[in-house]
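Data block below; observations after.
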Amino acid sequence: MTSPNAALRCSQPPFYTYDHCLPMRTLFIATAIALTGCATAPTTNVESQFASSANIFTRVAGTWAYLNEGGKVDCKSNETISFSRDLSVATFKSTEPYIMGDGSKSDTVTYKVLHAQGNVITMFINGETRTTEGGDPVVWSLVLLDAQTFVWRRTDWPAGDSTNPRIRCDG
C-alpha cells in the first residue's frame with residue numbers, strides 16, 4: 001500500500017463526512033471487547049461503553065488552534081470540541097469554515113465516536129465520502145499527546161504518520 005502524501009496529511013484536517021460505517025463500527029466494538037477481555041456481547045448503552053475512558057473526553061473538550069507555518073499558535077482562528085452527554089458524538093465548531101467532501105463549507109462538523117482508550121478517541125466524520133485504498137471508510141484517531149497538544153491519525157496511515165499538532169487555547 002502506498003502511503004498518502006505527507007504534505008496533504010499535515011495541511012488538510014479530517015473534515016469530511018461518512019455515514020455508512022456499520023462494518024467499521026462492528027470491527028471497533030469487537031476490538032474494544034477483545035482489548036478489555038470481556039466475554040460478553042457489547043452493551044447497547046453507549047455511555048457505559050466509554051465510561052472507563054471518560055477522562056480522555058474531558059481532557060479533549062475545549063478550544064484548540066493549529067500551528068501556523070511559522071510554528072506559532074493563533075487562537076483567534078480556532079475550533080471548539082464538545083461531546084454529547086452519552087459520548088457517542090463529537091462536535092467540532094470552527095471560527096473558519098471547514099471545506100466538506102462535496103465542496104460546501106460549514107463551521108460545524110460532527111463525528112461518530114467509535115472507540116476510546118487511553119489517550120486516543122477513534123471516530124469517523126458523519127457523511128464522510130473518502131475511502132481508504134482498500135475501499136473502507138476513512139476513520140480518524142484523535143491522539144492526545146499531552147494536556148496541551150493533539151494530532152490526528154488516519155487508521156490506514158503508516159505508524160508514526162499524523163497531521164500537524166493542534167494546541168489548546170483554553171486552560
Side-chain angles (χ1 to χ4, degrees), residues 4 8-9 12-36 38 40-64 66 78-145 149-157 159 161-166 168:
L8 288 177
R9 265 195 302 283
Q12 293 181 351
F15 300 113
Y16 300 91
T17 53
Y18 191 87
D19 53 5
H20 306 352
C21 286
L22 183 58
M24 290 301 288
R25 180 175 56 191
T26 303
L27 172 67
F28 281 106
I29 291 172
T31 302
I33 292 167
L35 290 174
T36 60
C38 296
T40 60
T43 178
T44 58
N45 181 339
V46 176
E47 191 169 352
S48 66
Q49 289 177 3
F50 300 122
S52 64
S53 299
N55 192 30
I56 181 75
F57 295 98
T58 303
R59 293 184 298 159
V60 168
T63 303
W64 300 82
Y66 302 97
N78 64 62
E79 62 188 356
T80 300
I81 304 170
S82 62
F83 296 93
S84 62
R85 184 178 180 98
D86 68 359
L87 305 176
S88 67
V89 176
T91 301
F92 287 65
K93 183 158 179 69
S94 179
T95 56
E96 296 183 16
Y98 302 116
I99 299 172
M100 307 306 284
D102 64 3
S104 65
K105 294 181 180 182
S106 176
D107 67 351
T108 304
V109 174
T110 60
Y111 289 75
K112 170 68 179 154
V113 176
L114 301 172
H115 180 71
Q117 184 173 6
N119 66 327
V120 179
I121 303 172
T122 302
M123 49 193 139
F124 70 86
I125 302 168
N126 290 315
E128 175 69 86
T129 58
R130 293 172 293 175
T131 58
T132 65
E133 288 183 10
D136 294 319
V138 169
V139 175
W140 294 93
S141 292
L142 184 155
V143 181
L144 191 64
L145 301 177
T149 314
F150 80 82
V151 296
W152 284 107
R153 283 195 29 75
R154 269 181 46 170
T155 56
D156 61 319
W157 285 351
D161 284 6
S162 68
T163 63
N164 283 335
R166 307 311 191 264
R168 181 174 290 284

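Numbering of residues begins at 1 and proceeds along the displayed sequence.
- Considering CZ of Arg166 and OH of Tyr66, their distance stands at 4.5 Å, rounded to 0.5 Å.
- Closest of all the heavy-atom pairs between Met123 and Leu142 is CE-CB, 3.9 Å.
- Between the side chains of Thr110 and Thr91, no donor N or O sits under 3.5 Å from an acceptor N or O.
- Taking every heavy atom of both residues into account, Pro97 and Lys105 meet most closely at CB-CB, 3.9 Å.
- Taken to the nearest 0.5 Å, the OG1 atom of Thr95 stands 4.5 Å off from the CG atom of Asn78.
- For an aromatic pair to be called close, the ring centres must be under 6.0 Å apart, and Phe150 with Trp64 satisfies this.
- A side-chain contact (heavy atoms from CB on, under 4.5 Å) with Asp156 is found for exactly one of Asp136, Asp161, Thr132, namely Thr132.
- By the 4.5 Å heavy-atom criterion applied to side chains, Trp157 and Thr163 are counted as neighbours.
- Shown here for Arg153 and Ser162, the closest heavy-atom pair between the two residues is CG-CB, 3.9 Å.
- Across all their heavy atoms, Ser141 and Val120 have their closest contact at CB-CG1, 3.8 Å.
- Classification of the Phe92-Trp152 ring pair by plane angle, with boundaries at 30° and 60°, yields tilted.
- Taking 4.5 Å as the limit, some side-chain heavy atom of Val113 sits within range of a side-chain heavy atom of Phe57.
- One finds the CD1 atom of Ile99 at 11.5 Å from the OG atom of Ser106 (value rounded to the nearest 0.5 Å).
- Looking at every heavy atom in both residues, Asp86 comes nearest to Ser84 through OD1-OG, 2.7 Å.
- We find the CG-CG distance between Leu144 and Asn55 to be 9.5 Å, quoted to the nearest 0.5 Å.
- Two residues are said to be in side-chain contact when any heavy atoms from C-beta on lie closer than 4.5 Å; Phe83 and Ile121 meet this criterion.
- Contact record, Pro165 with Thr149: CB-CG2, 3.6 Å, taken as the closest heavy-atom pair.
- In this structure, Lys93 pairs ionically with Asp107, as a charged nitrogen and a carboxylate oxygen lie closer than 4.0 Å.
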